[in-house]
2 protein chains.
Amino acid sequence: MIKAPESYSCIDCKNRSECFANLTEPELKLVSESKLNIKFNKGEIIRKQGSFVTSVLFLKEGFVKVYKEFDHSEQNSIINFNKPGDLIGLTDIFGESSVTFSVAALTDCQVCCINIRLFEKLLVENGKFAADVIKSINYQTSALFDYQLQSNHKQLHGRIAKAFLVLTDHVFMSNTFGVYLSRNDIAEFTNMSSMSVVRILKDFKEDQVIEDKNGYIKILNRDKLENISKLG
Amino acid sequence: MIKAPESYSCIDCKNRSECFANLTEPELKLVSESKLNIKFNKGEIIRKQGSFVTSVLFLKEGFVKVYKEFDHSEQNSIINFNKPGDLIGLTDIFGESSVTFSVAALTDCQVCCINIRLFEKLLVENGKFAADVIKSINYQTSALFDYQLQSNHKQLHGRIAKAFLVLTDHVFMSNTFGVYLSRNDIAEFTNMSSMSVVRILKDFKEDQVIEDKNGYIKILNRDKLENISKLG
DNA sequence: TTGAAAACATGACGCATATCATATTATTTT
DNA sequence: AAAATAATATGATATGCGTCATGTTTTCAA
């Protein structure tokens, strides 16, 4: 974890979040001046559950997993995977002082840390910005909530099928997963044991639903996957 | 479902949501003029999943359950129980045109329906109001998300114990549940079968953890309940 | 008040899924 | 390159929990 050499201005950042569309130039400048641009290596923990909330994260480059740890359990729950352009930590705004989840880098990452107090100040001063943030929060959380609830009503094959559809459609935007996901990652995203993941992936490979080359999964038969997901 | 005879002004509503604290008097007047005050009877559906979003609901009197229905499943999932003073439907703001969950009255209810377009307009124009709404959304959703995720890591006794703690602490604010909850309601809130609920409630009664008089549950031993909840 | 329907209760059974034990294969470290 | 560690794989076993069947009680309508 080192500070990136060149710290671009937010004003000409090409892949900045659409949440910032309604910030004025002076406001964007404030964001730009306050932000820290940090590089994380694959595997590093970007944010640890329980630590103080100091910033909202903008993921400029790379992929991360957002997960929750539990007191009386070894296994974590992965809540979401994020991709370049995503804002992380909006749900901690105006909230408790300690972070409610952990974030870890799945690949090398570039992260912009935006001071959360500045963020909150801008929300109060600029209603349009606030509206965009509300929109973003609502969109994200309702999708994630849906995913979790639907998961409860499916058995294992359906759960993994659903998870893979979410990953292709909303994270990797491609039939091929651009990032190596361990069996354990998949287990924590679907709330099952990693042994079960192994078994189901074997079934999926035998049925030509997916291909798995060194952990890089590719969806071969989307229709079948959707069917498995629906039928539970 | 009939329109309530006397429609009080929001300006002197005693138990209005703290979200409205930063609205100006003219803004509050707009809300007041646009709102519909409706009375629902116990058991009636207040809002149906899939219908058009037209309003944010303010629960003035009574208790409701908020739940999600699924295509390929008989059983619903209850997401939350709401009490007087709660705003319902904030997560639909700036979202899809159709409602993502259903709401049903557990008791007779008084509900204020606030036009959602007005609500959105006020958010854009008044950043302080928007900030309060963000705070409220984040507080609610993070609590509900936590509950669901923790639920996944517990087995049945722990799940019901946790559910009862949430109900006492955040819904009924009392050791005694002020509302009749059916076995099926409890099942849908804890994502288990109603037969399992029956069995576990029997255990809890035998162990003097709860008392159950005609469906009105009272917590007798909170420490024990917390322990069961923790240990899963 | 009576009949019908809904909610509650309880035991027997079966299945899905976690756990355990043990290989085998990859990956990292020295 | 060798050793050590971690990730993946796979069969056997155990069990938690849902489903089914059946009975009882409560609620509600006529």
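Just so we're on the same page: letters track the sequence lines, and every chain starts at 1.
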| request: When you get a sec, tell me which of dG11(C), dT8(D), dA18(C) is the closest nucleotide to the side chain of K202(B)? | output: dG11(C)

| field | Heavy-atom side-chain proximity of L181(B) to L167(B) below 4.5 angstrom | value | yes

| field | Stepwise side chain to side chain donor-acceptor pair (under 3.5 Å) check, S77(B) with N191(B) | value | CA-CA 7 Å; S77(B) 281; N191(B) 293 306; 2.9 Å; yes

| query | Taking everything shown except E96(A) itself, do over 12 heavy atoms lie less than 6.0 Å from its CD? | reply | no

| request: Ignoring hydrogens and angles, state whether a donor on the side chain of S102(B) or E69(B) is under 3.5 Å from an acceptor on the partner side chain. | output: yes

| note | Comparing K42(B) with S196(B), nearest DNA chain D nucleotide closer to 5' gives the residue S196(B)

| said: I need the CG-P distance between N41(A) and dT28(C), as an integer number of Å. | reply: 14 Å

| task | Take the protein atom CD of Q75(A) and the nucleotide atom C1' of dT17(C), then report the distance between them rounded to whole Å. | result | 13 Å

| Nearest to the side chain of M195(A) - dT19(D), dT17(C), dA21(C)? | dA21(C)

| task | Could you check how far CD1 of I217(B) sits from C1' of dC8(C), rounded to whole Å? | result | 13 Å

| In whole angstrom, what separates I160(B)'s CD1 from dG16(D)'s P? | 16 Å

| query | Over how many whole Å does the gap from K213(A) atom NZ to dT8(D) atom C1' extend? | reply | 19 Å

| From the list dG18(D), dA18(C), dA9(D), which nucleotide is the closest neighbour of the side chain of R183(A)? | dA9(D)

| So does K205(A) get a side-chain nitrogen or oxygen closer than 4.0 Å to the phosphate oxygens (OP1/OP2) of dT8(D)? | no

| query | What is the distance, rounded to the nearest whole Å, between atom CZ of R159(B) and atom P of dC17(D)? | reply | 7 Å

| query | Cationic tip of K213(B) within the cone over Y216(B)'s six-membered ring, i.e. under 6.0 Å and within 45° of the normal? | reply | no

| query | If you check every side-chain atom of Y180(B), which of dA7(C), dA9(D), dG18(D) has the closest atom? | reply | dA7(C)

| field | d(OH, Y216(B); P, dC8(C)) in whole Å | value | 12 Å

| remark: Looking only at dC17(D), dG18(D), dT10(D), the nucleotide nearest the Q155(B) side chain is dC17(D)

| field | Euclidean distance, atom CG of residue N152(B) to atom C1' of dC17(D) [Å, nearest integer] | value | 15 Å

| message | So, does R199(B) get its side chain near the phosphate of dT10(C), meaning an N or O under 4.0 Å from OP1 or OP2? | response | no

